[in-house]
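Presented below is the structure to which this report refers.
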Amino acid sequence: EESYILEAIATVSAICRHLPWNKYQTTLSTVMLHIPRFPEKEKHLTVMLCGIIDAYHFPIEIEDGSKQNVDTNKLCISHVDVSDPTQCEIPNKNPNSAIWRSLKNRLLPKIGSLLIKEKVERGKDVEKVLCAPIALALVKLYQKLPHQIFVSKLPGILTGVCMSLKNKESNDRDKARET
C-alpha cells in the first residue's frame, strides 16, 4: 500500500507541473488544509505538499518602472526594496500580478505556518519542531521567485533551522543538521 501512495504523490506532483495557476493554487490549498485535519496522514501529505511546491512553474512580473518577466529557472534582480511593502505591490493589469498577490498574501504565509509545528509532551512544555521537508521546499520555491524575495525570505527559514538546533530532543537536532 505504501508504494501506491508514493506513486500517487509522484503523479499529483507531475500533473501539477502542467496545471494552470487556478488549478495549481486549488490543489496546493487543499493539501495544506488536509495536513492539520488528518494528523495520521501528515507524513504523506507533507511529501505531497513538497512535490506540489517543487512543481511551481509560473512566471512572475514585478514592475518598478519597467516590466521584468521572471523565468522560474533564472534569478532576476530588480530595483525593488523588499523591506518596503509599498514597493512590492504590483498593479492588477495582468494575471501574473494575481499570481504574485496570491502567493504573497495567502500561500506563502500558510506554508510558512506549516514550517514549524508545536509538539506537546506529557505534562511538559510545548516544543517547536521544524518540518525539514517543508523548509527545503520553501527554499526551492523562493529560488524560483525574484532574487530580492529570495534574499528577504531566506533568513526566516534559516532562523527556524537554527532554533531547531537548540531543541532538547536529539532527533530534532539531527533533522535540523541534515536540513
Side-chain angles (χ1 to χ4, degrees), residues 1-19 21 23-60 70-75 99-100 102-121 125-147 149-179:
E1 186 175 305
E2 183 77 16
S3 62
Y4 289 130
I5 293 172
L6 294 176
E7 283 300 317
I9 290 170
T11 302
V12 169
S13 300
I15 290 170
C16 285
R17 293 186 196 284
H18 304 287
L19 291 176
W21 171 250
K23 301 293 183 184
Y24 177 88
Q25 177 184 0
T26 303
T27 306
L28 185 62
S29 297
T30 302
V31 171
M32 287 190 295
L33 286 174
H34 286 326
I35 289 176
R37 288 184 187 168
F38 301 103
E40 69 278 359
K41 298 177 183 176
E42 182 177 358
K43 176 185 170 190
H44 297 300
L45 290 170
T46 301
V47 172
M48 184 179 290
L49 176 69
C50 295
I52 293 170
I53 291 172
D54 286 344
Y56 180 86
H57 62 280
F58 304 97
I60 294 181
V70 180
D71 186 7
T72 59
N73 296 324
K74 298 177 184 174
L75 293 178
I99 293 172
W100 171 240
S102 178
L103 274 173
K104 181 178 119 184
N105 296 331
R106 285 191 315 215
L107 296 176
L108 290 178
K110 180 66 176 169
I111 296 169
S113 70
L114 297 172
L115 182 63
I116 296 178
K117 60 182 176 181
E118 294 182 352
K119 183 171 79 171
V120 180
E121 293 192 16
D125 295 334
V126 175
E127 292 185 8
K128 294 183 177 183
V129 180
L130 175 76
C131 186
I134 292 178
L136 293 174
L138 270 175
V139 169
K140 288 179 186 178
L141 176 62
Y142 291 150
Q143 287 176 335
K144 294 177 181 181
L145 297 177
H147 185 69
I149 296 166
F150 174 72
V151 169
S152 70
K153 298 288 187 178
L154 186 62
I157 293 176
L158 292 177
T159 302
V161 171
C162 291
M163 295 302 287
S164 292
L165 290 172
K166 291 189 206 177
N167 201 328
K168 294 178 183 177
E169 292 288 323
S170 64
N171 292 341
D172 297 335
R173 289 194 309 266
D174 292 341
K175 279 187 198 176
R177 280 190 206 102
E178 289 174 8
T179 304

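Note that the structure is predicted; figures quoted are calculated from it, not measured.
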Indicate every side-chain donor-acceptor pair of residues 38-52 with a distance under 3.5 Å to a residue at least two apart or in another chain.
unit_1 : atom_1 : unit_2 : atom_2 : d
E42    : OE2    : K117   : NZ     : 3.1
T46    : OG1    : E42    : O      : 2.7

CZ-OH distance between R17 and Y24, expressed to the nearest 0.5 angstrom: 9.0 Å
Pairs where residues 46-55 contributes a residue and the test salt bridge (charged side-chain N to carboxylate O under 4.0 Å, His left out) is met, not counting sequence neighbours: D54-K140
Heavy-atom closest contact (T159 atom, P155 atom, distance): OG1-O, 2.7 Å
L28 vs I111, side chain to side chain contact (heavy atoms under 4.5 Å, CB included): CA-CA, chis, key distance, verdict: CA-CA 10 Å; L28 185 62; I111 296 169; 4.2 Å; yes
Matching residue for Y142 among L154, V151, L108 - test: side chain to side chain contact (heavy atoms under 4.5 Å, CB included): L108
Flag side-chain contact, heavy atom, 4.5 Å: L19 against C16: yes
Shortest non-hydrogen separation from L107 to S29 and the atoms involved: CD2-OG, 3.6 Å
Backbone of M32 reached by a side-chain donor or acceptor of K110 within 3.5 Å: no
Nearest-0.5 Å distance, CD1 of residue I35 to SG of residue C131: 7.5 Å
Between CH2 on residue W100 and CG on residue N105, distance to nearest 0.5 Å: 9.0 Å
Atom pair CG (L6) and OG1 (T11), whose distance is rounded to the nearest 0.5 Å: 10.5 Å
Steps toward side chain to side chain contact (heavy atoms under 4.5 Å, CB included) verdict (L145, L103): CA-CA 10 Å; L145 297 177; L103 274 173; 4.0 Å; yes
Side-chain heavy-atom pair T27, I15 within 4.5 angstrom cut-off: no
Aromatic ring pairing F58/Y56, orientation class (parallel under 30°, perpendicular over 60°, tilted between): perpendicular
Contacts of S113 that satisfy side chain to side chain donor-acceptor pair (under 3.5 Å) - sequence neighbours left out: none
CZ-CG distance between F150 and L138, expressed to the nearest 0.5 angstrom: 11.5 Å
For P59 against I99, the heavy-atom pair lying closest together: O-CD1, 4.3 Å
